[in-house]
Number of protein chains: 2
Amino acid sequence: MTDVARAAGVSTMTVSYTYNRPARVSPDTRARVLRAAATLGYAGPDPSARSLRYGATRTLGVVLGEHLTYAFDDPQAVRFLAGVAEVCAERGYGLLIVPTGAGDDDHDRVVAAAVDAYVVWTTTDDDPVLAAACSTRRPVVIHGGPERAGTTMVGIDNRAAARAVGVEVFAGARRPVVLSFPLDRNREMFVGSGIDPDSVAYPVTRDRLAGYRDAARDLGIDWSRVPVGVCRTSDEDDARTVMRHLVAAAPDLDAVAAMSDQLALGALREATGPLRVSGWDDSDVARQHDLTTVAQSLREQGAACATAALGDPVPDHRDAWRLVRRGSTAA
Amino acid sequence: MTDVARAAGVSTMTVSYTYNRPARVSPDTRARVLRAAATLGYAGPDPSARSLRYGATRTLGVVLGEHLTYAFDDPQAVRFLAGVAEVCAERGYGLLIVPTGAGDDDHDRVVAAAVDAYVVWTTTDDDPVLAAACSTRRPVVIHGGPERAGTTMVGIDNRAAARAVGVEVFAGARRPVVLSFPLDRNREMFVGSGIDPDSVAYPVTRDRLAGYRDAARDLGIDWSRVPVGVCRTSDEDDARTVMRHLVAAAPDLDAVAAMSDQLALGALREATGPLRVSGWDDSDVARQHDLTTVAQSLREQGAACATAALGDPVPDHRDAWRLVRRGSTAA
DNA sequence: CTGTTAGCGCTTTCAT
DNA sequence: ATGAAAGCGCTAACAG
């Protein structure tokens with residue numbers, strides 16, 4: 001900038017004004033400055049220097065969980081991100097995706113990112129990435145949980161929703177099972193019975209499991225005998241693998257409550273007989289396969305997270321879900 | 001930082017070393033500094049100040065086209081982004097999505113973003129956002145095109161691929177049609193005939209159209225009589241609407257070359273009689289519907305773009321496609 | 001309408 | 001192992 005000023009025969013301030021307050025510079029000088037800039041290949045004020053000066057970056061950080069990869073493969077996470085992006089676009093904020101999960105320096109990356117606030121995608125209570133985001137004292141909004149002092153949480157009441165859909169899918173079933181997201185960050189695939197929701201590290205998964213248990217109780221079903229198949233991701237292929245294990249463990253299974261439409265689809269594909277199935281999210285998949293599911297707008301929640309992170313109030317989302325009854329639980 | 005230094009009774013340099021070269025500080029002093037930092041709620045060096053000093057941000061910018069929204073709704077764009085993210089994660093770079101398409105200050109946003117390099121998602125020759133990215137003299141890598149001096153282009157040979165798949169889908173057809181992406185940034189939906197590829201603003205669309213025309217010529221089909229249905233996005237619903245118009249205009253149509261699997265699916269759903277159909281990308285949709293298609297890895301191309309933007313050489317991708325023959329063109 | 005001064009928070013270089 | 005000085009590029013505040 002100093003160079004441009006010299007070349008144009010003005011002070012640096014005039015150059016600065018030319019870019020930031022064009023009205024305060026005479027058209028003549030302005031043209032001269034711009035010409036000098038063009039000659040020197042100067043493209044405008046340096047963004048880092050500007051941020052330093054302003055004390056703000058006009059950038060919103062997003063942490064998509066332990067492995068970036070999972071997030072992009074999960075259509076719901078993508079929807080969520082689209083919501084965040086929408087708000088960023090409207091308000092002229094950059095959207096910085098912080099690259100986590102590729103090393104052991106996640107903490108440093110989160111702390112060292114040039115952002116004004118953080119939106120954190122659902123994670124576990126003990127996720128160091130979450131701790132890192134909170135430690136920077138920037139505003140933090142967490143989607144889905146965990147709740148944490150000093151942060152904002154945006155998400156639906158997963159327990160209530162799971163109970164509602166659980167009652168629907170388990171009704172009349174003699175051998176209900178659950179197809180679950182991972183319980184903790186190890187993301188082990190396995191089949192267990194009567195899993196205690198309180199032992200689950202992901203709040204969203206915990207709440208949904210608790211809701212399914214509530215539903216089982218409502219229907220007089222003994223939760224301790226309900227097999228839970230735990231998948232590594234929200235992936236149809238994962239679901240099929242786990243479903244095969246479930247069928248092996250409980251050949252008479254006749255109802256599956258799945259934590260996503262993708263998982264539900266996997267269950268359908270591996271079904272050996274008549275089967276009641278419920279999904280979650282009311283995605284295209286659910287509509288195509290006539291799946292009973294829980295409708296919620298991840299996109300809207302993403303937008304709400306961004307809005308909250310940028311300091312504006314957002315409505316409570318606890319009741320922003322809806323049970324969608326379809327053919328998959330009609331029999 | 002100065003405050004922390006004072007509180008710990010050391011110089012600012014010692015605090016700086018504590019964070020950047022822990023080994024060069026005695027464990028004792030280090031502990032003292034860290035304690036002081038904790039007390040004061042200091043979370044480490046300010047990222048903007050650091051970037052200013054280093055002259056680099058360790059952040060890669062991505063411009064997803066005129067409307068951010070379209071990008072997140074397009075599964076191929078998401079795949080591409082996943083590839084970019086993967087490389088960023090590996091190398092500890094942040095991934096900044098620059099929010100374009102929500103106002104007329106796109107140019108400024110691109111110029112003012114704190115990034116070291118840009119990856120630009122396919123756009124038109126005349127996109128001001130592209131011009132903005134290039135004007136900053138940061139390295140720019142463009143996916144799919146346009147080609148531009150001083151930038152790197154990563155993408156397949158769309159014309160050759162379109163010709164190959166076109167020959168496959170148009171073979172034996174009496175009334176072939178094309179289901180196309182938008183021709184220019186206005187994204188009008190319409191049906192035309194014998195569209196001149198050279199009049200198309202998007203290089204990718206231009207090349208594919210030219211390739212389909214090549215295929216028509218190879219088969220002795222008169223291109224000027226081939227209806228082209230232009231969709232607004234790569235969306236199944238869009239495709240259905242346009243397909244209905246095509247059917248109205250050419251009730252005897254019996255072959256559809258579509259520029260994406262999504263569009264091809266829309267065509268299938270609106271088919272009134274036997275129909276040869278080809279898609280593009282070899283996505284899940286193509287596999288599920290036994291669709292002849294062009295396989296390419298957007299994810300791999302995203303990774304290549306990021307790698308190139310970060311200054312490393314990448315192999316040529318022109319031939320990184322493959323014709324996948326399936327039942328949809330078997331008859 | 002234009003210029004001067006000061007300092008945002010950090011790290012490189014060169015001492016000690 | 002620690003520190004002092006200088007400056008990265010910019011803009012708010014206040015002249016003139």
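Below, read A as the first sequence line, B as the second, and so on, with proteins coming before strands; counting in each chain starts at 1.
- Comparing A:Pro27 and A:Ala49 by the nucleotide of DNA chain C that holds the closest heavy atom to each, the one mapping nearer the 5' end is A:Pro27.
- Relative to the side chain of B:Pro45, the nucleotides C:dC10, D:dC10, C:dC1 differ in distance, and C:dC10 lies closest.
- Each of A:Thr307, A:Leu95, A:Val119 was evaluated against A:Val87; a single residue qualifies, A:Thr307, per the side-chain contact (heavy atoms from CB on, under 4.5 Å) test.
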- [ ] Show your reasoning for whether side chain to side chain donor-acceptor pair (under 3.5 Å) applies to A:Arg138 and A:Thr136.
- [x] CA-CA 5 Å; A:Arg138 295 178 263 228; A:Thr136 64; 3.1 Å; yes

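- Remark: P of D:dG7 and CG of A:Leu52 are 17 Å apart, rounded to the nearest angstrom.
- Checking C:dT2, C:dT11, D:dT11 against the side-chain heavy atoms of A:Ser26 singles out C:dT2 as nearest.
- In this structure, A:Tyr17 reaches the bases: a heavy-atom distance under 4.0 Å links it to at least one base atom across the strands shown.
- Taking the ring centre of A:Tyr17 as origin, the terminal cationic atom of A:Arg24 falls inside the region bounded by 6.0 Å and 45° from the ring axis.
- Taking side-chain N and O atoms only, B:Ser16 has a distance below 4.0 Å to OP1 or OP2 of C:dT11.
- Atom CG of B:Asp74 sits about 11.5 Å away from atom CZ of B:Phe80, to the nearest 0.5 Å.
- The distance between atom CE of B:Met13 and atom P of D:dG7, rounded to the nearest whole Å, is 16 Å.
- A:Thr29 comes within contact range of the sugar-phosphate backbone alone, with a heavy-atom separation under 4.0 Å but no base atom that close.
- Counting to the nearest Å, the C1' atom of C:dC10 and the CZ atom of B:Arg21 are 13 Å from each other.
- Nucleic acid contact for B:Tyr19: none, since no nucleic acid atom lies under 4.0 Å from a heavy atom of the residue.
- OP1 or OP2 of C:dG3 sits under 4.0 Å from a side-chain N or O of A:Thr14.
- Here the C1' atom of nucleotide C:dG3 and the CZ atom of A:Arg32 are 14 Å apart, to the nearest Å.
- B:Thr2 comes within 4.0 angstrom of nothing in the nucleic acid, heavy atoms only.
- DNA chain D is contacted by both B:Ser11 and B:Arg53; B:Ser11 maps to the nucleotide lying nearer its 5′ end (nearest heavy atom per residue).
- Atom CZ in B:Arg24 sits about 12 Å away from atom C1' in D:dG3, given to the nearest Å.
- Whole-Å rounding puts the B:Arg30 CZ to D:dA1 P distance at 13 Å.
- For the pair A:Tyr42 OH and D:dG9 P, the computed distance is 10 Å after rounding to whole Å.
- Using cut-offs of 30° and 60° for the angle between ring planes, the A:His143 and A:Trp121 rings count as parallel.
- Atom-to-atom, CE of B:Met1 to P of D:dT2 comes out at 14 Å; the value is rounded to the nearest Å.
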